[in-house]
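Input: a single structure, listed below in structure tokens.
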Amino acid sequence: MTSMRLVIRPEVADAVAQRRPVVALESTLIAHGLPWPLNLETAFTAEAAVRAEGAVPATIAVLNGQPTVGLCENELQELARAETVVKASRRDLAAAIAKKQTASTTVAATMTLAHLAGIRLFATGGIGGAHRQTHPWDISADLIELARTPVTVVCAGVKSILDIPRTLEILETQGVPVVGFGTDQFPAFFVQSSGEPITARVDTAGEAAALIQAHWALGGGGIVLAQPVEEHTALDPNEFMHALSEAEQQAMGVGVRGKELTPFLLNRLAEITEGQTLRANHALVIANARLAAQVAREFARL
Ligand code: PSU
Ligand code: MN
């Protein structure tokens, strides 16, 4: 029989035990979301941003079948360079463990493992959601995980490649607070605003921590804490929509679907926009890591 052993690296385990701030980081954006070597640079810079705020970073992945919380530099490097890493969402974790695979974890899978490790704050780029009309049945497991797992996901909204109003309806149905940090409008990843309202606004890390604590005191699950990508790297909404239609056409043309769809679209957009989406993606991941650490610090004080 295979028994699961969750490997929590000592620095992370100590911080969790002593209730010091810890921020989980995901590995799918490293293995599938960004190209080499920007992916490794992003992973390192995100960890450094968490440390600069006085929190401990814990990047999560499955390494040879072992769910691991707190990858070391060599492990990050291997993951970033590897060409055949499985992308594991919640449903894929068991198979990756049983088959002793190395797998990157999506937002859903990272939330699952962070929660098991006692980590409450998690930073990523953008969560998954409901895809647009071209792929109407493709709804990310990230939304379902948010419904049930009490971890706060700091992000730049849902990826602008998605159907955002539909995604927000699903989050509402599932009782997930969608909190705007310094904004009244839900951010849209590469684009600063989706034009859709958020459910509550906070303007400081302390206010965010208080809201999070109240949600969990009520027995709530996940929370989305969203801040817009910084203005000077954001994409113009119209230019972005043009690029997206082109990328979608290509996806339809080659028939990509399932878990390959998000990485395919991100990849195509990077080419179509000549790297503009990559610069935005990098900047927003770092900013989110920093904010998650600030909120983790405030949360640890409560
Ligand atoms: N944030 C990024 N880049 C990414 C992702 C997040 O900046 O590639 C990943 C996350 O792991 C998220 C996944 O869970 O994209 C969504 O994939 P899907 O749409 O197949 O659920
Ligand atoms: Mn999907």
Side-chain angles (χ1 to χ4, degrees), residues 24-36 38-43 45-46 59-62 79-80 85-93 96 103-114 122-132 134-146 149 151 153-164 166-167 170-171 187-191 222 224-229 233-235 244 247-248 251 256-270 276-289 292:
L25 298 164
E26 59 135 317
S27 45
T28 291
L29 80 90
I30 304 172
H32 300 279
L34 292 168
W36 169 266
L38 180 67
N39 57 352
L40 183 62
E41 202 272 327
T42 307
T45 311
T59 304
I60 296 178
V62 180
L79 206 65
V85 177
V86 177
K87 171 182 166 188
S89 189
R90 158 71 99 154
R91 63 152 194 207
D92 310 300
L93 276 177
S104 70
T105 51
T106 63
V107 167
T110 306
M111 287 180 76
T112 306
L113 296 175
F122 163 27
T124 183
I127 58 171
H131 277 273
R132 285 161 27 108
T134 52
H135 299 81
W137 295 107
D138 190 337
I139 296 167
S140 179
D142 294 354
L143 302 183
I144 308 311
E145 200 63 32
L146 278 161
T149 304
V151 167
V153 183
V154 180
C155 59
V158 294
K159 295 198 192 70
S160 0
I161 58 176
L162 301 167
D163 184 330
I164 296 179
R166 217 151 63 86
T167 301
I170 295 169
L171 289 171
F189 200 63
F190 299 130
V191 176
V224 177
L225 179 62
Q227 69 172 343
V229 60
T233 54
L235 271 83
L244 178 57
E248 281 177 335
V256 211
R257 46 191 200 103
K259 65 185 188 180
E260 271 77 49
L261 182 60
T262 296
F264 179 91
L265 291 174
L266 292 177
N267 205 326
R268 291 303 308 133
L269 284 166
Q276 267 192 70
T277 56
L278 295 179
R279 284 187 288 279
N281 204 342
H282 176 268
L284 65 85
V285 169
I286 309 308
N288 295 341

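Both ligands and their constituent atoms are indexed starting at 1 by order of listing.
- Between Met111 and Val153 there is a side-chain heavy-atom pair separated by less than 4.5 Å.
- In this structure the side chain of Leu29 never reaches within 4.5 angstrom of the side chain of Asn39, judged on heavy atoms.
- Screening the protein for N, O or S atoms under 2.8 Å from the Mn ion (ligand 2) yields 1; no waters enter the count.
- The 12-atom threshold is not exceeded at CZ of Arg257, counting heavy atoms of other residues, nucleotides or ligands nearer than 6.0 Å.
- Side chain of Thr28 to main chain of Thr106: a donor-acceptor pair is present (N/O by atom type, distance under 3.5 Å, no hydrogens or angles).
- Between Ala109 and Ala88, the shortest heavy-atom distance links the atoms CB-O, 3.3 Å.
- Heavy atoms only, all atoms of each residue included: Ala251 and Leu265 are closest at CB-CD2, 4.1 Å.
- At a threshold of 4.5 Å between non-hydrogen side-chain atoms, the residues Leu235 and Thr277 count as touching.
- Contact annotation: the side chain of Phe190 never approaches that of Thr233 to less than 4.5 Å [non-hydrogen atoms, C-beta and beyond].
- Side-chain contact check for Thr110 and Thr105: at least one donor-acceptor pair (N or O, by modelled atom type) lies under 3.5 Å.
- Around ligand 1, the residues contributing at least one heavy atom under 4.0 Å from the ligand are Glu26, Thr28, Leu29, Gly33, Lys87, Thr106, Val107, Thr124, Gly125, Gly126, His131, Ser140, Asp142, Lys159, Phe189, Thr262, Leu266, Asn281.
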